[in-house]
Amino acid sequence: TEKSPVPGPAVRDTSRLGRIAISSRMWADVYLAGKQVGTTPLTLELPEGEYTLEVRRDDIRKSATYNVKANETILARAPLAVYRDPVPGA
């Protein structure tokens, strides 16, 4: 009897990958599709397509959508700001 060939590891087509490099003045957790993927500064390598990333720090949440293209890097700055009430007497 003939045996079927054993499939090897999936070959990743790196020619269709792009990057999103995310930075922020303060650290922030980065989420893609509701899953935490890291903390800023962070560079994600993703297949071409549209992605919505969310950055979170404490009670602050900001999201933005990016169109990733092969062999390109998007430089994204997380727009986080913390506003505090003024200190009385300051």
* **Those residues that, when tested against Arg19, pass salt bridge (charged side-chain N to carboxylate O under 4.0 Å, His left out) (two or more places apart)** => Glu45
* Under a 4.5 Å cut-off applied to non-hydrogen side-chain atoms, are Val30 and Thr39 in contact? -> no
* To do: Might you point out which heavy atoms bring Val55 and Ala28 nearest each other, and give the distance in Å?
  => CB-CB, 4.3 Å
* Nearest atoms (heavy-atom pairs only) where Ile20 meets Ala76 -> CG2-CB, 4.2 Å
* Can you name the closest pair of heavy atoms from Gln36 and Tyr31 and give their distance? -> N-CD2, 3.4 Å
* Evaluate the side-chain proximity of Ile22 to Leu44: yes if any heavy-atom separation is below 4.5 Å, no if none is. => yes
* To do: Go through the structure and list residues passing salt bridge (charged side-chain N to carboxylate O under 4.0 Å, His left out) with Glu48, not counting sequence neighbours.
  => Arg16
* Asked: In Å and rounded to the nearest 0.5 Å, what is the OH to OG1 distance from Tyr66 to Thr52?
  -> 9.5 Å
* Can you list the residues that meet the side-chain contact (heavy atoms from CB on, under 4.5 Å) rule with Glu72, with sequence neighbours excluded? -> Lys69
* Asked: Under a 4.5 Å cut-off applied to non-hydrogen side-chain atoms, are Arg57 and Met26 in contact?
  -> yes
* Structure fact -> In short, Leu32 meets Leu53 closest at the heavy-atom pair CD1-CD2, 3.6 Å
* Structure fact -> For Val68 and Gly18, the nearest pair of non-hydrogen atoms, with its separation, is CG1-CA, 3.6 Å
* Measure across Glu50 and Thr65 and return the closest heavy-atom pair with its distance rounded to 0.1 Å. => CG-CG2, 3.3 Å
